[in-house]
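Working notes, structure below.
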Amino acid sequence: MTATQIVLVAIIAVAVLAALAAFSIASRKPGPDWRAGMDVRALREDRSRVLVAATPAPVTAEEEETQVTVEAPVESAGVRPVEVVKIEEVSADEAGVTRRQFFNRATLALFGTFSIAMGGSMLAFMWPNLKGGFGSDIDAGPIDEIRTQVFQADGSITPLFRPDARAYIVPITDEELAGSQFVDKSLAAGGFMALFQRCVHLGCRVPWCNTSQGFECPCHGSKYNYTGEYEAGPAPRNLDRFVVELQDDRFIIKTGQIIESPRAPEKSVSYPQGPSCIAIESAG
Ligand code: FES
């Protein structure tokens with residue numbers, strides 16, 4: 001697993017943990033009902049609140065006359081009835097969604113949407129793209145056009161670079177192929193192979209050196225001949241490559257699988273065929 005994939009997996013893990021935390025907060029149950037276990041009469045009494053004047057207001061002579069004439073309600077020992085305030089309790093269904101419930105549900109929905117979107121985008125990034133791009137079968141074009149672009153008039157070669165496949169298309173003759181370790185592995189078609197651009201030492205992109213007719217890595221100096229066989233430097237093996245095939249005379253690079261191969265004891269082509277680019281740059 002590459003460092004990029006490890007970072008992406010870590011991001012997904014953090015997103016999932018955040019979603020779980022939000023879910024646990026949102027689904028937290030309320031505390032115990034304090035009414036549970038209380039006496040029914042006590043609960044009934046609690047629904048009503050009777051306000052009683054502590055000290056009766058002095059009754060004027062005029063009020064006394066009014067009370068007598070209209071037959072005022074029964075009063076006893078200086079206590080008189082006053083307004084009764086009733087507090088009606090309602091069920092959860094009658095009360096509807098509370099502000100707290102709304103907030104919890106909104107938080108849960110937000111984190112759920114965020115997690116799904118992030119997880120989906122990460123999976124789409126990590127999984128091979130089945131509709132095109134690196135990881136799929138890439139059509140590099142008609143084999144005749146590739147041949148025209150690779151073989152130069154002076155007899156040298158210039159590999160055709162395909163950015164979407166991250167690959168160099170390099171030539172190999174039937175004779176060279178027969179003496180190499182790549183024969184019978186579907187690594188050549190129509191006289192060409194596809195080399196992964198990444199250096200097998202620490203992953204730098206390996207540029208083509210026209211003077212030496214090979215690939216030379218500027219990072220730590222690994223060198224490969226034009227069929228991608230190891231020649232020098234700290235690289236542990238040949239350049240990696242892809243399975244290729246011809247479909248209606250079009251060169252197809254199958255980038256869904258990267259093929260590794262060990263250093264070859266016998267090289268299929270000679271290297272270098274001229275000055276090294278790394279040597280030229282360091283001398284300058
Ligand atoms: S990354 Fe190419 S030689 Fe080190």
Side-chain angles (χ1 to χ4, degrees), residues 1-11 125-129 133-136 138 140 146 149-150 152 156-172 176-177 179-183 185-188 192-244 251 253-284:
M1 182 177 281
T2 65
T4 303
Q5 289 174 324
I6 292 173
V7 171
L8 292 177
V9 170
I11 292 173
F125 181 80
M126 293 174 67
W127 253 243
N129 187 346
F134 190 73
S136 66
I138 293 182
I146 293 174
Q149 294 181 63
V150 169
Q152 308 303 307
S156 65
I157 65 164
T158 301
L160 175 62
F161 182 62
R162 287 288 307 202
D164 50 353
R166 302 177 195 174
Y168 291 101
I169 300 174
V170 298
I172 188 167
E176 293 165 347
L177 183 64
S180 75
Q181 58 181 302
F182 311 120
V183 67
K185 290 184 180 174
S186 302
L187 297 176
F192 291 92
M193 294 192 295
L195 307 180
F196 192 15
Q197 67 172 7
R198 187 183 64 183
C199 181
V200 297
H201 178 222
L202 292 179
C204 292
R205 181 187 163 191
V206 188
W208 168 251
C209 177
N210 204 44
T211 52
S212 68
Q213 292 283 282
F215 297 94
E216 300 181 358
C217 182
C219 294
H220 310 98
S222 290
K223 297 176 180 177
Y224 315 83
N225 63 29
Y226 73 73
T227 59
E229 292 169 328
Y230 169 85
E231 291 284 353
R237 59 180 188 273
N238 301 325
L239 284 178
D240 297 333
R241 55 205 70 216
F242 303 108
V243 170
V244 295
F251 191 72
I253 306 174
K254 296 176 172 292
T255 58
Q257 187 180 7
I258 298 170
I259 308 296
E260 298 180 359
S261 59
R263 293 177 177 179
E266 298 292 332
K267 310 298 189 308
S268 59
V269 295
S270 63
Y271 173 89
Q273 300 181 19
S276 166
C277 292
I278 293 178
I280 291 171
E281 289 175 1
S282 58

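First listed ligand is number 1; within each ligand, the first listed atom is number 1. Count residues from 1 along the sequence.
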- Name the option, out of Cys217, Gly221, Pro218, that contains the heavy atom nearest to atom 2 (Fe) of ligand 1.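 Nearest heavy atom to atom 2 (Fe) of ligand 1 lies in Cys217.
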- Query: Who are the salt bridge (charged side-chain N to carboxylate O under 4.0 Å, His left out) partners of Arg166, not counting sequence neighbours?
  - Reply: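 Arg166: no salt bridge (charged side-chain N to carboxylate O under 4.0 Å, His left out) contacts found.
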- Residues forming a salt bridge (charged side-chain N to carboxylate O under 4.0 Å, His left out) with Lys267, sequence neighbours excluded: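 Counting only residues at least two positions away or on another chain, Lys267 forms no salt bridge (charged side-chain N to carboxylate O under 4.0 Å, His left out).
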- Message: Students should be able to answer this: which protein heavy-atom is nearest to atom 3 (S) of ligand 1, and at what distance?
- Response: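 Ranked first by proximity to atom 3 (S) of ligand 1 is Ser222 OG, 3.1 Å.
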- For Cys199, take its heavy atoms, then give the atoms of ligand 1 lying under 4.0 Å from any of them.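 Checking each atom against Cys199, I get 1 (S), 2 (Fe), 3 (S).
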- Task: List every atom of ligand 1 that sits less than 4.0 Å from any heavy atom of Cys204, numbering the atoms from 1 in the order shown and giving each element.
- Result: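 Atoms satisfying the 4.0 Å criterion: 1 (S).
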- Item | Atom name, His220 (N, O or S, nearest to atom 4 (Fe) of ligand 1) |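 Of all N, O or S atoms in His220, atom 4 (Fe) of ligand 1 lies closest to ND1.
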- Message: Restricting to N, O or S, what is the name of the atom of His201 that lies nearest atom 4 (Fe) of ligand 1?
- Response: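 Restricting His201 to its N, O and S atoms, the minimum distance to atom 4 (Fe) of ligand 1 goes to ND1.
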- Task: Using only the SG atoms, establish whether Cys219 and Cys199 come within less than 2.5 Å of one another.
- Result: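 Not so, these two cysteines form no disulfide.
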- Task: Please check if the distance between the ring centroids of Tyr226 and Tyr271 is under 6.0 Å.
- Result: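 Ring centroids of Tyr226 and Tyr271 are no less than 6.0 Å from each other.
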- Distance only, no hydrogens: is a donor on one side chain within 3.5 Å (strictly under) of an acceptor on the other, for Ser156 and Gln213?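 No.
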